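Worksheet: one structure, shown below.
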Amino acid sequence: MAHTGRVPPTPFAERVLDLVATIPAGRVLTYGDVARHLGSRAPRAVGNALARFGGGVPWWRVVRAGGGLPTGHELAAAERLRAEGVVVRPGPGGPSVDLECYRWVPGRA
DNA sequence: AAGCTGACTCGCT
DNA sequence: GAGCGAGCCAGCT
């Protein structure tokens, strides 16, 4: 087939995937933090990139501001995080993680 | 070319 | 404390 079958990720999406792929297990980042590390303020674009091309990276390590898991994928993310040893706390509106404890900062293990 | 949507975030009421 | 609206960037139709 002439078509690639897989849509090539955009340069921006590729950057997001690259950064998310560098997140160590047991640590999490927020959409806003990822966007900021890329030099942009588009947390929505980050979520969009993961939604389209996040199938090859640990997208579950990316959470919303406040520790909330990605809308519509809270269960999948919670299960993956738990498998990595992250303590996911169930709460109103969905499971959440302690950013103060699991928020990963480049340079700070 | 223009407009709308989206795995978001922050601020105000 | 909770809910609502506006703002923002990037990608897609």
Side-chain angles (χ1 to χ4, degrees):
Chain A
M1 307 316 178
H3 280 273
T4 59
R6 239 179 293 161
V7 185
T10 66
F12 196 83
E14 208 173 284
R15 248 177 257 242
V16 175
L17 301 176
D18 183 56
L19 179 58
V20 174
T22 50
I23 303 176
R27 285 279 156 15
V28 297
L29 267 183
T30 68
Y31 287 97
D33 280 1
V34 174
R36 227 175 241 199
H37 279 283
L38 297 176
S40 274
R41 302 191 218 163
R44 301 184 142 215
V46 176
N48 237 311
L50 290 172
R52 275 197 81 60
F53 313 104
V57 295
W59 59 264
W60 51 87
R61 287 176 196 158
V62 184
V63 299
R64 297 187 299 157
L69 274 49
T71 309
H73 297 251
E74 314 115 351
L75 205 52
E79 198 137 320
R80 295 275 194 185
L81 289 167
R82 274 193 187 190
E84 306 221 330
V86 176
V87 179
V88 181
R89 275 187 96 163
S96 59
V97 302
D98 191 338
L99 283 177
E100 289 292 301
C101 265
Y102 295 109
R103 186 176 166 193
W104 176 59
V105 179
R108 194 186 199 204

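All values reported here derive from a predicted model rather than from experimental measurement. In what follows, chains carry the letters A, B, and so on, assigned in the order in which the sequence lines appear, proteins first and then strands, with residues in each chain numbered from 1.
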The correct set of residues in residues 71-94 of chain A placing a heavy atom under 4.0 Å from DNA chain C is none
Every protein N/O within reach of nucleotides 8-13 of chain C N/O, cut-off under 3.5 Å:
{"unit_1": "C:dA10", "atom_1": "OP1", "unit_2": "A:S40", "atom_2": "OG", "d": "3.3"}
{"unit_1": "C:dG11", "atom_1": "OP1", "unit_2": "A:T10", "atom_2": "OG1", "d": "3.0"}

Taken to the nearest whole Å, OH/A:Y31 to P/B:dA7 is 9 Å
Report task. Using a 4.5 Å cut-off on heavy atoms from C-beta on, say whether the side chain of A:D98 contacts that of A:V87. Result -> no
Does atom CZ (A:R103) have a neighbourhood of more than 12 heavy atoms from anything else shown, all under 6.0 Å? no
Between A:W59 and A:R36, whichever has its closest DNA chain B nucleotide further toward 5' is A:W59
Practice task
With heavy atoms under 4.0 Å as the rule, sort A:A65 into base, sugar-phosphate or nothing.
Solution key: sugar-phosphate
Nearest heavy-atom contact between A:V88 and A:P95 is CG1-CB, 3.5 Å
The complete set of salt bridge (charged side-chain N to carboxylate O under 4.0 Å, His left out) pairs with one or both residues in residues 52-71 of chain A, sequence neighbours excluded, reads A:R61-A:E84
From CZ of A:R103 across to P of B:dT9 the rounded distance in Å is 11 Å
So, is the end of the A:R80 side chain (NZ or CZ) under 6.0 Å from the ring centre of A:W60 and within 45° of the ring's axis?
yes
| So do the side chains of A:V62 and A:I23 get within less than 4.5 Å of each other, counting heavy atoms only? | yes
Tightest non-hydrogen contact, residues A:L50 and A:W59, listed as CD2-CB, 4.1 Å
Side chain to side chain, A:V20 and A:V46, heavy atoms closer than 4.5 Å | no
